[in-house]
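Heads up: the structure comes next, in C-alpha cells.
Numbered from 1 within each chain, the chains take letters A, B, ... in sequence-line order.
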Amino acid sequence: MPLAFDWSFFSEYWHPLLWGFIRTLEVSAIAIAMAFVIGAVGGAARAYRIPVVSQVAAVYVEIIRCTPILLQIFFLFYGLPELGIVLTPFTVAWLSVGIWGGAYNIENFRAGFQAVPHGLREAAFALGFSRLAVFFNVGLPIGARISLPSSINTYIAVVKNTALVYAISYNELTTVALNINAVTLRNEPFLVLGVVYLTLVWSLSYVLRLVERHLAVPEHA
Amino acid sequence: MLALLPSWVDPTAHYIIHEGLTNTLKMAAAAITASVVIGIPFGTFLTVNFWPTRALIRAYVEIWRGLPLIVTILMVYFVGPDYIPGFEPRAIYAAAIGLSLWGSAQVAEATRGAVQSIPRQQHEAAAALGFGWVGRHAYVILPQALRRLLPPLVTLLVGIIQNTTLAAVIGGAELAGTGQRQIERLGAYPPIGLGQIKALEIYGAIMVAFFCISFPLTRLAAYLERRLV
C-alpha cells in the first residue's frame, strides 16, 4: 500500500473526480431548492395552523427526523421497486436528501414564522391585504430571515448528506473516490475527499454567514 | 398475533434483533461515552485564553464537524490501518470510532457555549473563595454548565443512534446491516431463501424500530430544554 502521496495521481484521475464533484453540487442544489420550498410551505402550514396540511407536515417531520437517512435512502431505492416504483440512483439521491432537508426546514421556518411580530401582520390585515398577500409580503420576507441561521445549518447538512448516496452507488464525489481507491489501492482519493468536502463546507458556511449578516432583521440580530 | 405472520419473519427478526439491535446499542453506548469523555474537556479548554491549545482543539472540532460522517468512517476504516500499526478494526469498531470523532466535536462546541454562558461573577466568586483554575471549573462552573448541556447531549444521542446505520456501508452487522443481509438471504432461491425481495417490509420494520427509539428521546430533549434552561 503506497503511503506517500504521489502528485502524478491527480493528473491521471482529475477528470472523473471533477465530474463527481459536479454531480455532488448538482444533487446538493436540487435538494437545497427542494428543502427551501418544502420548508416554506410546510412551515407556514404549521405556524398558521392550516388544517390537514399542518397535521400532515407534523407527521412527515417526525417520521423523517426519527429515522436514519441511510434507511430512507435504502427504502426508496430497494424497497419501493416492490410496489412497482423503480427510481434511478440520481432520482433517489436528490429526492432522499431533499425530503430529509425539507423536514428539518419545516421546523426552522415554523419557528421563523412564529417569531414574526403579530403587530406587523395585524397592520397588513388592517390595510386590507388578503391572507396570502400578508404571507408573501410580511410573513415570508421577515420569517425566512429570522429562520436563516438554522436553515443555513440544514443546507450545509444537506450538502454533507449527499455523500451517503455512495451506499446506492450514485456517481457523486464519494463514490468516484472510493471506486478509484478500489481499483488503485491508493490513499490519495481520501485526501481529495477530505480537502474537497472541508473546503466546500467551510466556504459555504462562510459565504452563507455573510449573506445572513446582510439579511438579518435588525431587532433579531 | 405472531402466528398470523408468515413463517420467514421469525428467524429474520430473531437475527436482526439479537445481532443487529445489540450491535447498534453497543456502538451508540461506546460513541456517546467517548464523545462526552473527550468533548467536555476539549470544550472547556476552548474557553482558556491560550492560543496553541485553542488552535489545536478548534482544528479538531472544525474538521470532524465539517466532514460528512460517512467520509470520516470510510477514512477510519480504509486509511487508518495504513498509518497506525496493528490497527485493523472490524466495521462496527471503525464506525464507532468515526461516530466518536464526530460526536466529541459536537460535544466540545456545545460545552464551550455552555461554559461561556456561565456568568463571569461565578468565576470571580469561586476565585475569591480560593479555588484554583481546576477547582473552579470542577466544582463551580462545569456543574452548572452540565445542566445546560443535557438537552443537546440527548439530541446528540439520537443522532449517534441513527448514524450507527452508516456502519452498514462498510459491512457492519448493526440494524441496517443485518437487515441488508436478511434481504439478500431471503432473495436467494429455496431452501436458503424465498426467492422474493422483502426490502420494503424489512427496511420498513427497521425504520419503525428506530422511530420507537428516537421519538421518545426527542421528546425528552424538548422536555429538558423547557425544564433546565
Check each atom of [X] against the heavy atoms of chain B and say whether the ones under 4.5 Å are side chain, backbone, both or neither.
X: A:Leu200; answer: neither
X: A:Glu82; answer: side chain
X: A:Leu83; answer: side chain

### Query
Side chain, backbone, both or neither: which part of B:Ile70 has a heavy atom under 4.5 Å from chain A?
side chain
### Message
For B:Gln180, which atoms come within 4.5 Å of any heavy atom of chain A: side chain, backbone, both, or neither?
### Response
side chain
Please determine, among [options], the option with the most heavy-atom pairs under 4.5 Å with chain A.
options: B:Leu175, B:Leu69, B:Ile197; result: B:Ile197
options: B:Asn163, B:Leu217, B:Ile63, B:Val158; result: B:Ile63
options: B:Gly204, B:Ala199, B:Ala168, B:Pro68; result: B:Pro68
options: B:Val169, B:Thr72, B:Val79; result: B:Val79
options: B:Ile161, B:Thr218, B:Leu166, B:Ile202; result: B:Leu166

Looking at the rings of [X] and [Y], which for Trp means the six-membered one, are their centres under 6.0 Å apart?
X: A:Tyr155; Y: A:Phe36; value: no
X: B:Tyr203; Y: A:Phe74; value: yes
X: A:Trp202; Y: A:Tyr206; value: no

Between the side chains of [Y] and [X], is the shortest nitrogen-to-carboxylate-oxygen separation below 4.0 Å, so that they form an ion pair?
X: A:Glu107; Y: A:Arg110; answer: yes
X: B:Arg58; Y: B:Glu109; answer: yes
X: B:Glu184; Y: B:Arg181; answer: no

### Query
Is it true that atom OH of B:Tyr223 has more than 12 heavy atoms of other residues, nucleotides or ligands lying nearer than 6.0 Å?
no
### Query
With a cut-off of 6.0 Å (strictly less than), are more than 12 heavy atoms of other residues, nucleotides or ligands near OH of A:Tyr60?
yes
Would [X] and [Y] count as having a side-chain donor-acceptor pair, cut-off 3.5 Å?
X: A:Thr91; Y: A:Thr88; value: yes
X: A:Thr174; Y: A:Tyr197; value: yes
X: B:Thr165; Y: B:Glu174; value: no
X: B:Ser117; Y: B:Arg148; value: yes

### Task
Apply side chain to side chain contact (heavy atoms under 4.5 Å, CB included) to A:Leu178 and A:Phe190, showing your working.
CA-CA 8 Å; A:Leu178 266 288; A:Phe190 291 102; 4.0 Å; yes
### Task
Tell me the residues of residues 22-33 of chain B whose non-hydrogen atoms fall below 4.5 Å from those of chain A, in number order.
none
#### Entry: Sorted by number, residues from residues 208-215 of chain B in contact with chain A (heavy atoms, under 4.5 Å)
B:Phe210, B:Phe211, B:Ser214, B:Phe215
### Task
Give, for atom OG of A:Ser96 and atom CG of A:Leu164, the distance between the pair rounded to the nearest 0.5 Å.
8.0 Å
